[in-house]
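One-based numbering, in listed order, for ligands and for the atoms of each.
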Amino acid sequence: MKNKVTVVGSGNWGSVAAKLIAFNTLRLSNFDDEVRMWVFEEKLPSGEKLTDVINKTNENVKYLPGIKLGKNVVADPDIESAVKGANMLVFVSPHQFMEGICKKLVGKIGKDTEAISLVKGMEVKKEGPCMISTLISRLLGINCSVLMGANIANEIALEKFSEATVGYSQNKEAAEKWVQLFGTPYFIVTAVQDVEGVEMCGTLKNIVAIAAGFVDGMEMGNNTKAAIMRIGLKEMIKFSKMLFPSVKDSTFFESCGVADLITTCLGGRNRKVADAYAKNQGKRSFDQLEAELLNGQKLQGVLTAKEVYEVLNDRGWVEMFPLFSTVHAISIGRLPPSAIVELGDSRACCPSSISPSTELQSESPPFKMKNQMREHAVQISSRSNGERVRKRRLKMLLSQKFENDSLLFFSQWWLLSPSKTSQNLMYGK
Ligand SMILES: NC(=O)C1=CN([C@@H]2O[C@H](COP(=O)(O)OP(=O)(O)OC[C@H]3O[C@@H](n4cnc5c(N)ncnc54)[C@H](O)[C@@H]3O)[C@@H](O)[C@H]2O)C=CC1
Ligand SMILES: O=C(CO)COP(=O)(O)O
């Protein structure tokens, strides 16, 4: 029996996914040619329905104008009829709509159906965080892999070379089928057995992209942006491993990891809207700017920052993730965009070893001392404190007896300190 594919979603990336798949179902004999695409129906300014226009012109004129999807793509506004008979479901919708979408499909999906999620985001429930692939699996009772990567949709629509990562848990055979279904000479797909790692990468990089947009909006330059990306990557790795200890280091070097982080911080929608937010000094909300700049497309980063913050707050991890927490505080107007470079010494928050066991060390005495010193250091270097206060606090610090490790940390801070005062004091001036 031939595999039958339905794409659940038809936004910017959803439309490109349908195009990639439609190209392959035509040339691969184990797939039915026709690809159904579920469309969240809307009326266009012309008064026509989006679905009708897609089926007439073979183009998603609202979310991917100017690109032919392939004649074998059939748009369907009825989700039940769209998934009927399909044994391969591709979920690609903004994450905030996923629970509602899945609930509509409960009881409508065959047991042997395989799913893949292209959705970058997570849900936070009372019981804790829930990745979208888990939500799909739990609600529909089917296996779900993920596909993430450095995949700005408009570039792939133009068939520019890029890569993606399929993450799977047990079913390698299904993963190989997804690789076959998505891969083209210009879209190279690799499978790794780390579904959580791949999905966490796709989800968390959107928070870092918001931070990168703030940096751009304030015209802080490339070095600052690179620093923010580095700190962000460390927080991504740390948070992923604290939630899912099985996450592999190697996953962060796949397309879904560092490559997606880079492309999103350079050219994504999260970056673009955060740039505008910072240029407006936070006076215009993300919702307003999203509506103005994205023509119906949706941001994921602001909501993800809020969801991740809920997890951090709930578990007492806020101080360990200064970048994630600060992005949330800025995006809800609690801090100004300039706060993105006032994170303290990120090395103290993100020790260079990335194994989950380092978390235990964060409570060990030398590390605790480092954190206290970091707080002192941040206070001392704070611009609002006068020079006298700085000197008094610094003298206090120097009069304390520190362990060797703490002294090492302190000397590192001193070397990097922008304040000449600390250096003068060190020399007894
Ligand atoms: N666009 C891109 O370059 C990429 C996007 N992604 C991810 O793919 C996912 C989907 O993004 P896009 O396809 O770009 O979508 P999009 O942001 O372009 O479009 C929004 C979609 O949401 C639909 N929608 C609006 N209200 C809805 C509702 N109440 N219920 C259900 N659907 C509704 C719209 O009809 C539209 O199809 C996101 O998680 C995104 O992070 C991943 C890689 C690249
Ligand atoms: O996920 C993306 C690229 O891989 C797209 O990111 P944006 O949603 O920020 O455009």
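- Ligand-side atoms of ligand 2 in range of K205: 1 (O), 2 (C), 5 (C), 6 (O), range being under 4.0 angstrom from any heavy atom.
- Shown in contact with G268 at under 4.0 Å from a heavy atom are these atoms of ligand 2, numbered in order with element: 9 (O), 10 (O).
- Neither the backbone nor the side chain of M148 comes within 4.0 Å of ligand 2, counting heavy atoms alone.
- Among protein heavy atoms, the minimum distance from atom 10 (O) of ligand 2 is reached at R269 N, 2.7 Å.
- Atom CG in L204 sits 12.5 Å away from atom CD in Q300 (nearest 0.5 Å).
- Judged purely by distance below 3.5 Å, without hydrogens or angles, the side chains of D33 and T25 never pair a donor atom with an acceptor atom.
- Nearest to atom 4 (O) of ligand 2 among the protein's heavy atoms is D260 OD1, 2.6 Å.
- Checked by distance only, ligand 2 and N270 come closer than 3.5 Å through their nitrogen or oxygen atoms.
- Ligand 2 lies within reach of G149, whose nearest heavy atom is under 4.0 Å from it.
- The distance criterion of under 3.5 Å between nitrogen or oxygen atoms is not met by T263 with respect to ligand 2.
- Comparing heavy-atom distances from atom 14 (O) of ligand 1 across M98, R269, K298 singles out R269 as nearest.
- For atom 10 (C) of ligand 1, the nearest non-hydrogen atom from the set A18, G121, S93 comes from S93.
- F324 and Y309 have their aromatic ring centers separated by at least 6.0 angstrom.
- Nearest to atom 34 (C) of ligand 1 by heavy atom, out of F91, Y63, F97, is Y63.
- The shortest separation from a heavy atom of Q300 to ligand 2 is not under 4.0 Å, leaving the residue out of contact.
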